[in-house]
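Each chain gets a letter, A, B and so on, in the order the sequences are listed, and its residues count up from 1. Bear in mind that the values here come from a model prediction, so they are computed numbers and not experimental data.
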Amino acid sequence: MAQAFSARALLFTKLAALAIAGLLVAGAVTAYEHFDGPYRVGDAPPQPIAFSHKHHVGDDGIDCRFCHASVETSSFAGIPATQVCMTCHSQLFTDAPMLEPLRQSAARDEPLHWTRVHRLPDFAYFDHSIHVRKGVACIECHGRVDRMPLMRREAPLTMQWCLDCHRDPTPHLRDPSRVFDMTPSAAVRVATGVPHEALASRRRLTDCSTCHR
Amino acid sequence: MSPTPITRRDFLKLAGAATALATGACTAPPDEIVPYVRPRAIADGIAQFYATAMTMQGRALGVLVQSDMGRPTKVEGNPAHPSSLGATDVFAQASILELWDPARSRTLRHRGTPATREALVAEWRSALAGLEARGGEGLRILTGYVGSATLRAQLDGLARTYPAMQRHEWEPLHRDNSLEGARLAFGRRVDCAYRFDAADVVVAVDADPLGEGPGWVRHARDFASRRAPQSMSRLYAVESFPSITGDMADHRVALAPAALERWLAALDAALRGEASTPLPLVEAAAHDLLAHRGRSLVVAGEGLPPAAHALVHRINARLGAPGATVSYLPAVSDVACAESVAALSRDMRAGRVQALLILGGNPAYDAPADVEFGAALARVPLSVHVSLYEDETSAACAWHVPRAHYLEEWSDATAHEGTVSIVQPLVAPLHGGVSIHEAVAMLGDDAASPRDGVMRALHLEGAAWHTALRDGVVASTAPAPLALTVRDVAFDPADVADGWTVVFRPDAAVHGGEFAPNAWLQELPRPESKLVWDNAAYVSATSAARLGAKSGDLVEVARGARRVVAPLWILPGHADDAVSLPLGYGRERAGPVGSHIGFDAYPLRDGGFAWSAPCSVRKAGGAHALVTTQLHTRMEGREPAKHMTLAEALSAHSAAHAERPVESLYPDWPYDSYRWAMAIDLNACIGCNACTIACQSENNIPTVGKEEAGRGRSMHWIRVDRYDDGPTPLHQPVPCMQCEDAPCEAVCPVGATVHDSEGINVQIYNRCVGTRFCSNNCPYKVRRFNFFHYSAGLGERPVEGSNPQVTTRMRGVMEKCNYCLQRITRARLQADKEGRRIAEGEVVTACQAACPTRAISFGDLSDPASAVAQVKRSPRGYTLLEELNTRPRTTYLARVSNPNPQAANE
Amino acid sequence: MNSQVLRGRWGYASVTDKISDLVLRRPTHWLWALGFGIAGTLTLVLLGGMVWLFAVGVGIWGVNIPVAWGFAIVNFVWWIGIGHAGTFISAFLLLLRQKWRNSINRFAEAMTLFAAGIAGLWPVLHLGRPWFFYWLVPYPDVMDVWPQWRSPLVWDFFAISTYLTVSLLFWYVGLIPDLATLRDRAHGAWRRMVYGFFALGWRGEARHWARFESAYLLLAGLAAPLVISVHSIVSLDFAIGNTPGYHSTIFPPYFVAGALFCGFAMVLVIAIPMRRFLGLEDFITIRHLDNAAKILLATGLLVAYGYAMEVFTAFYSGDKYEIAIALDRMKGFYAPVYWTLLFLNVVVPQVLWWRRARRSVATLFVIGILVNIGMWLERFMIVESSLAHDFLPSAWRPFIPTGWDWAMLAGSVGLFALLFLAFVRVLPALSIFEMRELVEEEKEEAR
Amino acid sequence: MSALYGVMAELADEKALLAAAHEARDAGWAGVEAYSPFPVAGLAEELEGKPLGVSVFVLLGGILGGAGGYFLQWYSAVISYPINVGGRPLNSWPEFIPVAFEMTVLFAALAAVFAMIVGNGLPRLRHPLFDAPHFDLATRNRFFLCLRGNVEDFDEARAHAFLESLEPLRVIEVAS
């Protein structure tokens, strides 16, 4: 009676088994890559105007609040209206081709359409004003925008990432008066000491209802 | 609304989703940020409130409207407004959906085809030019009751230019009888403003002052303020249809309309000490009224004939009511609607009307059947109808002009007791509608901007104007009460003929029919029957038995040649020999939501018989599927809604229900910060449903449509249960009880419903997978499930109109009341930024805010001084299904009734 | 004398050839083809229902508030129950050294596998957002959240998946020597390779047999408590809840008994036609049917006791809600269902007291079907009537199934039949090596 | 040593096989293998090399599964993300038992199968024996005793002689 498997058949079987295993692994990896999609960090999407935070914040040293005016009062930090840009750019670089869309917007009274970089799902409610008030600096989430020629996302903005801070905020806090300062928190706290803002309990900060409703 | 029969598109969606997954296109689509061009004063993300007023039948309810990023999203009551005192009714709450309703008229039409404003103005002007010679004879204007000084001024202006012009008024739910009654009694037409807070004894004869009509919200508040056991008033109700007022009465008798008149006559006799035909309750009521001279009141319903109203005025005068419990103010109108519209119709048919301008209203649908208004309209060469929707009248008119919603217009309005308030726009007309004022201005070429028109009409400017604008009321504009002397008017009640009487009633949700396109109202369970998406012919069990019909069977109600076929509904507490037909249904042109549902009762309604008429009723054969949200209205001895007599209430001693009732196996969870809690006073709740719609508006709750509602899938987070087997009908609002040992939470496999540190049982929609175990395990059945993608259904608000602070739920997730978490969060963040605790009264839930009777108290239980903590200490306090030891944060106060001992042994 | 386990004269060779030829030689019978066709059609109905369900939502079923659980749960409990008899036969009877088990365990285990698999399908279909079913699995995710371990549904998830896995292992281990037989007897290189692959190169060496037997026995030892735990946990889906009619401590044993009851009914429903069409009367003898019938009777009595106790405790407890639901079942909207299930599950099985009934193939077949229907109705009664009539009268509302409810139930039955018909074509319906053991034991006894 | 896999006797029934195995042991043969179509009681004991018991692995698997299962629940509910669920204690141990139990059974069962398959050196899809004539009957109705050729001082002639002495149906040479 002969073997059920010839030597070659056996070889092929083994190869097939290996191939299937390989495919599964590859599939899993790619799947992870894809589902990781909305959380991809670091890429700077194209914008109607190649606005450089590096230039405005880093070089010119304009305060965040000049453009993001409602960051201290509202959940929404605020995106500057065309006219806010024009306060300067009606004088400066008035004929720079780069600023054409801006001038068009002002002339035609049509808003600019920026591409959103920091995006949270609809069911996650984030409030800028309270974070700023409690001494969470801009750079904690947005990174060194003063070094970003084009806006890019520094943080994954996953629930896990939010929780990391909500579970132990202290290392990320500084004196509220210095939240718009671009120097890292550690350094600031050496200078000004640890802030003693009254924080909600860790339990409150990790309640589902703190961010979801 | 309904799951909208699934079309090919859904399969495409599915296919799309599948391929999306296949191609791993899971990265979110890039979304945009679109800033303003010019900076705005108000930062986005912060809600603003503006005062304005909503007018119905010429009388206004003052409201504060919430605006998020310039979009009106929620209506609240205006505490400064005398008709509101901060509360609202279902119509005001639902008006936000009306504003955003995509079915509203968007185009100016001439005989159905889109036309330009210029074309209309041109034709109108040329027509008027023709009429000018004869002083505008043949020019007619039809309005409802005019509560706006601005409009009055404009119309007077027109009248000056065209002396021969004639004005007509028509309100389907007019007050001809009471105003005529006043004329009989006082020699002039006046409106009554009641002061239930000053009344120890009230007798309501076929009247529903707590349930509908101008000022009812205020009436309910005043009434409730006198229902606390310490100083409790007594209410007698004699009526044919079980109204809210009847439900709240300490004594109630159900009588057919004719018998009501006899009862009133008997009461009058008894009051005058004459011997009267012995009718139930007459003696007791009479004694009570007399015993409380100056603190008692008799209220007559619109259904009673003018003479009866005159009689009631005389009785009140004898009881010393005027100035104390009732005051008189100039009538909303000097026109008798029925005659006015009949005259107009006559003239139209006679060809005496060349140009007709109809400002609002829908006479082609709701005018008295005998005037055949719609047919007559056809004879008018130039007819213009200004309305929110392209309705029956628009179709019958030559021109239709889309009207601006009251949240889109400048105007002014008058409260039920005469105070003037300003109507200001929250948003520019969404569909390019024009306000009535603009329409009149446009046609009578008056250049002034609507805003200036209002300022001029109210003689307001500068600081005064801005104050009025901010407060929503013009200070001290309430007219001084009229001092009137009452004449003697003979009243001989109609003799009680045997046979049926048909009673016409405004529908509790669609009113006269103007709210038929509103899905929220369509799906609002009617207080008396819990029916939704339909009206029905209401009769008593006895009468039904006589017909040999059961609920749902079709019956034919006929008056001579005119007949209506309607589904029957047996209503406990309804008078025998009478059949009540709610108006406002059977609309032909009420948009995709409101058309072709229910039956139209107007064809039976004459100018002469506006509220009741003799009729014949017979079984028509066949049945209609009526949908009720509550199949079982008996308590089965479980007493979910508790009731006690005044004596019991006064003798009961504090049960301290605020504290935990029973021992638990589980160690206590510490709640070191706030402990939110709610108490609902069944003694104050009148079952008006304002809370239900307020909640729907605040929390973006979708409607599901008749079919789905019939399957028990309504989404209301706070439902009002009704029980008929108590000593008195009981209304019980049931939101989530926020149990501390919540049964729902323990069984959720993914932790989608859990407790937060302030003791709120939160529902995390984005975590919910939809096992529905939580609902099974909820003894109160307050959880609602999205069986289909309801939030995308027909009749919903577009996303711009919904509350941005609340997640819109998708198909397959559970939802429920969360004590308006978004409001608590708003307050918490504010307080936290200011480094303080949330103050008492800083958080007001939507249901609490809307409630006319302040039946709902809400607050922080950890503060023993808080209102809710005090209320919970009341001896009437109890916990729903306490024996289950779920330890709810929401508890109840028992209903109390204050029967007259004399009546008991009558 | 037809009470032996093995009828007629069979040797190692003949018994091997007989059973393996069912797979390797027997041509397709037209009845098999017909059955396969019908089952396939019903399966398509199930698939269609699933597509529609995923497209628009669970609203296509009759579920509502208060009755948020519908056919999906009823069918789940019913199918998982059916599965239990297989494990009971293969595990318990093995431990109890019941040699009559050898000729019925293989297809009974297959039945278990298919039933449990179909049962496992329902909870997923039941979900409002089925695509998130994996949230019941504990894994480190970007949300940092975990399953809520206090929920019986999570216990269910672990119980069902464990049960499926262990049943599969048990079944497969038992199959290895038979697969080797098929490998060695099949014609055609491909068939030999396929069977050979799954036989893992089994040679039947003595020490291999030793390990094989101890592993097999240990698996049986594990499967026995497992099968008890599974339906106990399923019963906790209800008993943990506070709903009157759910909240009852007798549920676990009551459910296990019920499971075996309808499981054995299903064994009869399958065994009777199978022995007929595959000509297995010599292996699945009247003795087997008789024993199965006895177990059916016994478990039926346990179930009857359960019903009695449910009513008794309701009134004995004096709990007004429990009393109300007990009365509602007898007199309310679902009374017809209640009395029907009592008749089918309590009255009908009493016939089995008569030896002649236990030995009448036709009678057993009919009873088997009736009991299966009865047990489905019982699950329906427990799940729906309790929810339709709980604490607040204002919330009372009956559950009325839609066409999709019925269609998908029928579809699942079709899928079961489809799997089984496929099984008898590709794998030995009886355990060959255990039949050889049986032959040997019979020889011993003969001596 | 030899090139042969071994020499094998084909026997008619389990008795003969048992006897043969016994004699082979008495005759001091090493590397004896016995093949049968069903487990023959006591046969394994006749051959040298006590098979390592599967039960040990099952015990270990069970302990691992149970402890791991409970730890997983305790860690996620108490340490990783403590949440107030219906007022229940974080470590609701009675409600953690079912999952722990299921995990115990699952891991024990997996261990059993794993131990059996690996212990038997499976899968082994190709094997010299499969080339031996008549060996296909080992899964049907024949019993084989095989003397392995890979042992010290294996003498093919003696093996033949010994096997013939058992009066088998036939003696087969199995090439390796």
>> Taking side chain as everything from C-beta outward and backbone as N, CA, C, O, which of these in B:Val762 sits under 4.5 Å from a heavy atom of chain A? Side chain, backbone, both or neither.
In response: side chain
> Say you draw a straight line from CG of B:Leu821 to OG of A:Ser209; how long is it, rounded to the nearest 0.5 Å?
Replying inline: 5.0 Å
> Is the shortest distance from a Lys or Arg side-chain nitrogen in A:Lys134 or B:Asp832 to a carboxylate oxygen in the other one below 4.0 Å?
Replying inline: yes
> Where on B:Leu829 is there a heavy atom nearer than 4.5 Å to chain A: the side chain, the backbone, both, or neither?
Replying inline: both
> Taking only residues two or more places apart in sequence, or in another chain, which ones meet B:Thr886 in a side chain to side chain donor-acceptor pair (under 3.5 Å)?
Replying inline: B:Tyr780
> Is there side-chain contact between B:Arg767 and A:His212, with heavy atoms separated by less than 4.5 Å?
Replying inline: no
>> What part of A:Phe123 gets within 4.5 angstrom of chain B, counting heavy atoms only: side chain, backbone, both, or neither?
In response: both
> Of all residues at least two apart in sequence or in a different chain, which pass the side chain to side chain donor-acceptor pair (under 3.5 Å) check with B:Asn700?
Replying inline: B:Arg797
> What's the shortest heavy-atom distance between A:Thr73 and B:Ile46, and which atoms?
Replying inline: O-CD1, 3.6 Å
> Are A:Glu72 and B:Lys833 within salt-bridge range, i.e. N to O under 4.0 Å?
Replying inline: no
> Under a 4.5 Å heavy-atom cut-off, does chain A meet the side chain of B:Gln805, its backbone, both or neither?
Replying inline: both
> Just how far is it from atom CZ of B:Arg826 to atom OG of A:Ser75, taken to the nearest 0.5 Å?
Replying inline: 10.5 Å
>> Working to the nearest 0.5 angstrom, can you tell me the gap between B:Ile824 CD1 and A:Arg213 CZ?
In response: 10.5 Å
> A:His68: what forms a ring-ring contact (aromatic ring centres under 6.0 Å, His included) with it, not counting sequence neighbours?
Replying inline: none
> Using a heavy-atom distance cut-off of less than 4.5 Å, which residues of residues 743-756 of chain B contact chain A?
Replying inline: B:Val754, B:His755, B:Asp756
>> Does any backbone or side-chain atom of B:Arg40 lie under 4.5 Å from a heavy atom of chain A? Answer side chain, backbone, both or neither.
In response: neither
>> Return the OG1 to CG distance between B:Thr808 and A:Asp122, rounded to the nearest 0.5 Å.
In response: 8.0 Å
>> Once rounded to the nearest 0.5 Å, what's the spacing between atom CD of B:Glu32 and atom CD1 of A:Ile79?
In response: 12.5 Å
>> Looking at every heavy atom in both B:Pro35 and A:Pro111, which two are closest together, and how far apart are they?
In response: O-CB, 3.1 Å
> What residue in B:Asn699, B:Asp672, B:Thr807 has the most heavy-atom pairs under 4.5 Å with chain A?
Replying inline: B:Thr807
> Counting only N and O atoms by type, is there a donor-acceptor contact under 3.5 Å from the side chain of B:Arg38 to the main-chain atoms of A:Gln83?
Replying inline: no
> Quick one: what part of A:Asp127 sits under 4.5 Å from any heavy atom of chain B, side chain, backbone, both or neither?
Replying inline: side chain
> Do other residues, nucleotides or ligands put more than 12 heavy atoms under 6.0 Å from B:Phe49 CZ?
Replying inline: yes
> Looking at CZ of A:Arg203 and CD of B:Glu758, how far apart are the two atoms once the value is rounded to the nearest 0.5 Å?
Replying inline: 9.5 Å
> Looking only at heavy atoms, which two atoms of A:Ser74 and B:Gly45 are closest? And how far apart?
Replying inline: OG-CA, 3.7 Å
